[in-house]
**Student:** 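Below is the structure I would like to discuss, written out as structure tokens.
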Amino acid sequence: MEKTFDPKSIEARWCEAWEAGGYYTPETVAELSGTNRATMPAYSIMIPPPNVTGTLHMGHAFQHSVMDALTRYHRMRGYDTLWLPGTDHAGIATQMVVERQLAAQGIKRTDLGREKFLERVWEWKEYSGGTITNQIRRMGNSVDWTRERFTMDAQCNAAVTEEFVRLHEDGLIYRGKRLVNWDPVLLTAISDLEVESKEEAGKLWHFRYPLVGATLADGTGHLTVATTRPETMLGDTAVAVHPEDDRYRHLIGKTVRLPLCDREIPVIADDYVDREFGTGVVKITPAHDFNDYAMGQRHQLPVINIFTPNAQINDEAPAPYRGLDRYDARKRIVEDLESLGLVDKIVDHKLMVPRGDRTGVVVEPFLTDQWFVDMKGLAERALKAVKDGQMRFVPANWVNTYDQWLENIQDWCISRNLWWGHRIPAWYDAEGKHYVGRSEPEVRARHKLSDAVALTQDEDSFDTWFSSALWPFSTLGWPQQTGDLQRWYPTSVLVTGFDIIFFWVARMAMMGLHFLNDVPFREVYITGLVRDGEGNKMSKSKGNVLDPLDLVDGISLEDLVKKRTSGLMQPQMAAKIEAATRRQFPEGIEAVGVDALRFTFMALASTGRDIRFDASRAAGYRNFCNKIWNATRFVLMNVEGKDCGQDESLPFTLSTADRWIVSRLQKVEAEAAEHFANYRFDLLAQSLYQFIWNEYCDWYLELSKPALQTDDEAAQRGSRRTLVRVLETSLRLLHPLMPFLTEEVWQQIAPLAAKSGPSIMLQPYPQAQADRIDDPAEADIEWLKGLILGVRQIRGEMDISPGKVLPLLVQGASASDRVRIEQLLPSIQFLARVEPPHLLEAEAVAPESATARLGGMTLLVPMAGLIDKDAELARLARQVAKLESDLGKTQTRVNNPNFGKAPEAVQQQARAMLEKQQQDLSALQAQQERIRAL
RNA sequence: AGGCGCUUAGCUCAGCUGGUUAGAGCACCACCUUGACAUGGUGGGGGUCGGAGGUUCGAGUCCUCUAGCGCCUACCA
């Protein structure tokens with residue numbers, strides 16, 4: 001084996017071997033293990049399908065690490081495990097990408113026509129989709145590629161058609177002219193969720209609308225309205241005041257003359273109006289504002305649409321404004337009103353501006369014909385499923401978010417005026433009457449329409465989420481009752497981010513319950529967002545994104561700068577991004593390999609918190625990989641060519657250390673099971689790291705060194721056996737988190753531990769065995785560690801060279817101390833680098849020494865010629881100070897008159913501690929006296 | 001406006017149903033090329049847990065108030 005672990009040299013090899021072996025495919029796994037799948041419990045995860053034209057970012061890598069750990073864990077536990085991969089067609093996003101590419105060649109989508117355009121999108125999908133699947137493969141994710149799906153493949157398309165037709169049959173789909181959020185650039189409706197409202201600086205314009213039948217001269221001849229969108233006044237059909245507003249009450253029922261339009265509109269009363277805001281008079285534009293629309297409905301107001309789909313003024317408006325862009329019209333209208341003397345004032349005003357989440361363009365409420373899903377009933381079932389415990393959120397507080405949205409749900413506009421997506425299976429006849437069905441022939445048959453009736457299919461497509469909502473079962477073959485569907489629905493867990501609880505989680509829950517009568521997943525594990533080291537959200541425009549593969553492979557500073565500053569939407573940011581990058585990664589990024597990156601994600605995955613990605617942490621875990629690698633080298637070196645109890649035929653005995661590490665291992669195994677069950681991957685990672693590094697490597701390997709040198713062949717064999725078997729088990733424990741390293745090493749270690757098989761992936765996950773827990777051995781080794789630490793501390797603080805073998809005196813040793821000294825003598829000598837301890841009677845006069853306390857006894861390292869008095873005094877003073885402070889606290893506790901209320905056990909413990917502290921203190925003080933007297 | 005979350009060593013974070021002297025990694029200081037590993041070893045320094053009050057024999061851990069930060073929802077023209 002090489003001296004250092006080199007991830008590059010093994011990763012590609014194992015990726016290929018695992019996939020080629022079929023180890024990701026449930027059927028093959030069952031076959032190789034000789035198990036009948038029907039007898040295995042089922043476990044399944046559907047990958048949240050990434051956008052097919054994107055690339056995977058840190059958030060994906062993080063979530064995939066979690067999903068793969070769960071998948072490998074359950075596979076090893078003997079579950080019939082499926083992790084199903086796939087990608088999403090991402091209607092709007094993908095269409096925009098391709099349109100942008102075409103635009104670069106000066107081509108418009110409409111120039112090509114629907115057919116040709118879609119061909120181009122499919123081409124791009126084929127090209128780009130490979131990037132994602134390669135990334136997934138490289139990270140070692142054990143997804144079943146034989147079941148890969150795409151949200152727009154034939155199977156998923158059939159499911160979407162079925163969904164729409166059945167919902168329609170169930171009376172949950174309707175088509176209607178409604179006010180929707182309209183993106184004037186994309187020329188499509190979008191759902192509420194696709195609108196991002198942010199506070200922006202704007203103005204509040206105050207306009208005077210003259211009252212009919214009054215003169216302006218008396219100062220009461222007009223009503224002043226306040227608006228943030230002056231251009232909408234062209235579509236005003238009323239002016240509203242609060243019914244109890246004394247300023248205006250007498251005007252209710254009168255009419256005002258709408259300036260510029262020469263229309264008379266009524267003054268109405270509605271308690272929606274806020275008297276405090278603006279002038280207390282609101283202009284009402286039912287066609288271009290959601291509230292106004294609702295008010296228009298309440299008061300039967302006419303609805304005048306004044307915009308074209310791309311937000312220019314249409315022919316409903318007076319001639320001078322027609323054809324103007326909305327913002328040009330705004331300017332013009334304000335000017336014209338000003339010249340008429342109808343502008344009362346203009347004040348600065350902060351307002352929430354709604355923008356399309358894809359285009360960033362201000363969205364207009366716009367009246368169009370669209371398809372909607374009636375959500376009320378669906379939402380109620382989804383709420384109930386969580387209340388009844390059929391579906392559980394981890395962490396649990398995300399239920400609030402889920403509930404809140406479902407309780408206030410609005411009908412879902414599912415049609416998009418886009419080409420790229422599932423086309424709506426609805427047909428229209430010449431009169432515009434619509435028919436819904438799985439196909440045109442079905443529609444004709446069902447509605448008895450002869451071929452003479454011309455039918456045209458709806459031009460629109462579905463909201464991407466309308467198909468994503470089916471993902472947990474469309475992937476398994478629904479609406480067919482496939483074996484896969486029966487086997488793996490409901491899925492076991494959904495791993496995703498909180499940002500799509502509404503978009504996706506809730507909608508999957510609703511559709512799953514509606515169509516399959518069961519929740520789509522038993523548990524929803526919500527991960528935090530991966531942020532950069534400074535806590536900022538990673539985004540291309542900020543130039544702070546990290547490509548997971550750049551951490552895996554490493555990247556030079558120059559390449560990283562180039563990558564972050566090229567292809568920016570705002571090139572002027574380049575200099576700033578470059579500076580920040582050079583500051584943050586002055587040396588570029590060192591390669592850490594897949595295992596270290598995956599382990600880092602797991603270690604950072606604490607609950608309910610975003611994670612700041614810390615590259616130095618990843619470097620630390622790369623070191624951990626190397627540590628394991630070298631521990632393996634040590635083990636191999638020491639057992640090579642020697643029997644390690646593979647066939648159990650030769651006698652072996654286990655030392656205290658052997659029994660100790662095996663006992664510790666059982667406890668770690670139990671912890672691992674618990675942490676997996678609770679999704680506490682941070683604690684899992686910590687627990688494994690701690691065991692392997694701080695117990696197995698730091699102590700057990702060191703303890704094994706003298707043991708391997710004894711004359712006792714059976715004891716040697718026992719140590720070799722333990723060395724190998726604990727390592728082999730640790731590898732299996734760690735495998736779901738570090739697949740590559742553990743596989744590579746396991747191949748070499750397994751035969752020595754009498755294990756065989758093509759891959760560690762197919763081995764059982766270690767389970768704790770209660771009968772191998774050995775408390776006496778643990779106590780013995782704790783004692784031993786205390787002794788060694790005591791001597792090391794003296795050595796360290798006295799600056800005695802590590803190699804020097806010291807004499808050691810022990811005073812006040814109890815009977816059990818004496819037994820331990822005798823039994824653990826070789827370990828004591830080797831690890832503490834001392835001569836065999838010399839026992840002193842309690843009353844004996846000791847030579848001048850540096851001392852340490854261990855239980856009731858005192859360790860003494862004679863100082864003759866070794867130690868400087870001041871250093872030892874300083875060391876003692878520190879210890880005394882600490883002890884005094886601790887003792888003080890204990891005394892206060894015990895002396896509290898009410899301490900008697902505490903449980904007996906707690907009281908006893910406190911008194912024992914008090915006694916020990918007092919003893920230690922007096923021993924230390926006596927020692928101080930002696931040293932001072934020198 | 002409503003909801004959720006965060007504030008613990010220089011940095012990034014653990015600390016479960018309240019119980020011994022608050023932990024880890026990284027960073028820092030000193031010593032060490034000891035045959036698994038310098039991507040290492042050994043020893044060490046460093047926090048009183050945002051602030052105030054309360055409950056309790058006992059609070060980082062529960063309650064109230066308060067300060068700061070972040071996120072999500074929401075129809076104020």
Side-chain angles (χ1 to χ4, degrees), chain A residues 1 3-5 197 204 225-229 232 240 272-274 276-279 281-285 289-295 349 351-352 395 397-398 400-401 404-405 408 498-499 501-502 529 533 535 590 592 596 603-604 606 608-614 616-617 619-638 674 678 680 682-683 686 689-690 694 697-698 701-702 705 789 792-803 833 878 882-883 885-887 889-890 892-894 896-903 905-907 909-910 912-913 917:
Chain A
M1 282 173 85
K3 204 173 166 187
T4 46
F5 172 54
S197 291
L204 195 55
V225 299
T227 181
T228 54
R229 293 190 299 154
T232 62
Y272 157 75
V273 178
D274 177 355
E276 311 298 317
F277 189 88
T279 58
V281 187
V282 192
K283 56 186 273 313
I284 303 300
T285 322
D289 182 280
F290 289 97
N291 292 310
D292 292 6
Y293 184 78
M295 202 184 294
H349 179 66
L351 72 160
M352 298 297 280
N397 53 293
W398 289 108
N400 297 324
T401 307
Q404 192 201 359
W405 187 67
N408 299 299
F498 60 82
D499 47 331
I501 289 180
F502 306 144
L529 237 55
E590 244 186 302
V592 300
L604 291 172
S606 59
R609 188 192 261 259
D610 286 350
I611 63 180
R612 292 193 186 198
F613 191 83
D614 183 358
S616 71
R617 192 94 180 232
Y621 293 126
R622 178 209 48 199
N623 297 353
F624 179 46
C625 292
N626 193 52
K627 189 78 182 174
I628 296 169
W629 183 260
N630 278 291
T632 306
R633 287 179 61 217
F634 171 82
V635 171
L636 289 174
M637 227 172 259
N638 282 284
E674 190 188 330
N678 297 332
R680 286 305 303 265
D682 56 333
L683 301 181
Q686 196 189 8
Y689 180 96
Q690 202 272 124
N694 303 121
C697 293
D698 285 352
L701 290 190
E702 294 305 319
K705 285 174 184 174
L789 256 21
R792 277 181 186 167
Q793 195 187 37
I794 290 170
R795 192 189 289 275
E797 304 233 334
M798 292 292 100
D799 231 356
I800 302 167
S801 109
R833 292 238 159 201
R878 267 207 310 276
K882 175 90 166 76
L883 247 181
S885 135
D886 292 347
L887 181 62
K889 284 178 202 164
T890 317
T892 340
R893 255 183 93 200
V894 173
N896 185 323
N898 287 321
F899 189 55
K901 291 185 188 172
V906 172
Q907 291 188 48
Q909 203 179 22
M913 182 160 70
Q917 286 172 336

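These numbers come from a predicted model, not from an experiment.
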**Student:** Nearest to the A:Ser606 side chain among B:rA36, B:rA14, B:rA77, which nucleotide is it?
**Tutor:**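 From the listed options, B:rA14 comes nearest.
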**Student:** Rounded to the nearest angstrom, tell me the gap between atom CG in A:Leu636 and atom P in B:rC37.
**Tutor:**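 Taking atom P of B:rC37 as the reference, CG of A:Leu636 is at 14 Å.
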**Student:** When all nucleic acid strands are considered with a 4.0 Å heavy-atom cut-off, which category describes A:Arg612: base, sugar-phosphate, or nothing?
**Tutor:**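 The answer is sugar-phosphate, as A:Arg612 gets under 4.0 Å only of primed atoms, P, OP1 or OP2.
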**Student:** For A:Leu789, report the nucleic acid contact type (base, sugar-phosphate, nothing); a contact means any heavy atom under 4.0 Å.
**Tutor:**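 If one applies the 4.0 Å heavy-atom cut-off, A:Leu789 turns out to touch the sugar-phosphate alone, with no base involved.
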**Student:** Do A:Asp698 and A:Glu702 come close enough that some side-chain heavy atom pair is under 4.5 Å?
**Tutor:** no
**Student:** Residues two or more places apart in sequence or in another chain: which of them pass side chain to side chain contact (heavy atoms under 4.5 Å, CB included) with A:Arg609?
**Tutor:**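 Scan of A:Arg609 (side chain to side chain contact (heavy atoms under 4.5 Å, CB included), adjacent residues dropped) gives A:Ser606.
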**Student:** Can you list everything that forms a ring pair (Phe, Tyr, Trp, His ring centres under 6.0 Å) with A:Phe624? Sequence neighbours excluded, please.
**Tutor:**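 A:Phe624 satisfies ring pair (Phe, Tyr, Trp, His ring centres under 6.0 Å) with A:Phe599, A:Tyr689 only.
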**Student:** Looking at A:Arg609, does any N or O in its side chain come under 4.0 Å of the phosphate oxygens OP1/OP2 on B:rA14?
**Tutor:**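 True: A:Arg609 side-chain N/O within range (under 4.0 Å) of B:rA14 OP1/OP2.
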**Student:** Under 4.0 Å between a side-chain N/O of A:Lys3 and OP1 or OP2 of B:rU39, yes or no?
**Tutor:** no
**Student:** With sequence neighbours excluded, what pairs up with A:Lys901 under the salt bridge (Lys or Arg N to Asp or Glu O under 4.0 Å) test?
**Tutor:**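 Result, salt bridge (Lys or Arg N to Asp or Glu O under 4.0 Å) vs A:Lys901: none returned.
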**Student:** Using the six-membered ring wherever Trp is involved, compare the ring planes of A:Phe277 and A:His349 and label them parallel, tilted or perpendicular (cut-offs 30° and 60°).
**Tutor:** perpendicular
**Student:** Walk along nucleotides 16-35 of chain B from 5' to 3' and tag each nucleotide B, S or - by protein heavy-atom contact under 4.0 Å, base first, then sugar-phosphate.
**Tutor:** ---BBB---SS---------
**Student:** Contact class for A:Asn400 vs. all strands (heavy atom < 4.0 Å): base, sugar-phosphate, or nothing?
**Tutor:** sugar-phosphate
**Student:** Applying salt bridge (Lys or Arg N to Asp or Glu O under 4.0 Å), can you list everything that pairs with A:Arg680, at least two apart in sequence or on another chain?
**Tutor:**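 If we apply the salt bridge (Lys or Arg N to Asp or Glu O under 4.0 Å) test to A:Arg680, skipping adjacent residues, the hits are A:Asp682.
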**Student:** Between B:rG5, B:rC76, B:rU39, spot the one nearest the side chain of A:Asn397, thanks.
**Tutor:**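 The nucleotide sitting nearest to the side chain is B:rG5.
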**Student:** What nitrogen or oxygen pairs link the protein and nucleotides 44-46 of chain B at under 3.5 Å?
**Tutor:**
unit_1	atom_1	unit_2	atom_2	d
B:rG44	OP1	A:Gln793	NE2	2.8

**Student:** Does A:His349 place a side-chain N or O at less than 4.0 Å from the phosphate oxygens OP1/OP2 of B:rA77?
**Tutor:** yes
**Student:** With sequence neighbours left out, write down each residue that passes ring pair (Phe, Tyr, Trp, His ring centres under 6.0 Å) with A:Tyr293, or none if nothing qualifies.
**Tutor:** none
**Student:** My understanding is that only residues two or more places apart in sequence, or in another chain, count here; which of them pass salt bridge (Lys or Arg N to Asp or Glu O under 4.0 Å) with A:Lys882?
**Tutor:**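 Here the qualifying residues are A:Asp886.
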**Student:** Could you work out, with side chain to side chain contact (heavy atoms under 4.5 Å, CB included) as the rule, every residue matching A:Ala596, not counting sequence neighbours?
**Tutor:**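 If we apply the side chain to side chain contact (heavy atoms under 4.5 Å, CB included) test to A:Ala596, skipping adjacent residues, the hits are A:Val592, A:Tyr621, A:Arg622, A:Cys625.
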**Student:** Using nucleotides 69-73 of chain B, report all nitrogen or oxygen pairs with the protein that are shorter than 3.5 Å.
**Tutor:**
unit_1	atom_1	unit_2	atom_2	d
B:rU73	O2'	A:Gln404	NE2	3.3

**Student:** When all nucleic acid strands are considered with a 4.0 Å heavy-atom cut-off, which category describes A:Asp698: base, sugar-phosphate, or nothing?
**Tutor:**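 It contacts sugar-phosphate atoms only.
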**Student:** I need the A:Asn626 CG to A:Lys3 NZ distance, nearest 0.5 Å.
**Tutor:** 10.0 Å
**Student:** Let me check I have this right: for RNA chain B, each base becomes ., (, ), [, ] or |, based on Watson-Crick or G-U pairs with both distances under 3.5 Å. What is the full string?
**Tutor:** (((((((..((((.....[...)))).(((((.......))))).....(((((..]....))))))))))))....
**Student:** Output all residues satisfying ring pair (Phe, Tyr, Trp, His ring centres under 6.0 Å) with A:Phe290, sequence neighbours left out; order by chain, then residue number.
**Tutor:** none
**Student:** Does A:Lys627 make a side-chain donor-acceptor contact with the base of B:rC37, cut-off 3.5 Å?
**Tutor:**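 For A:Lys627, whose side chain was compared with the base of B:rC37, there is a donor-acceptor pair (under 3.5 Å).
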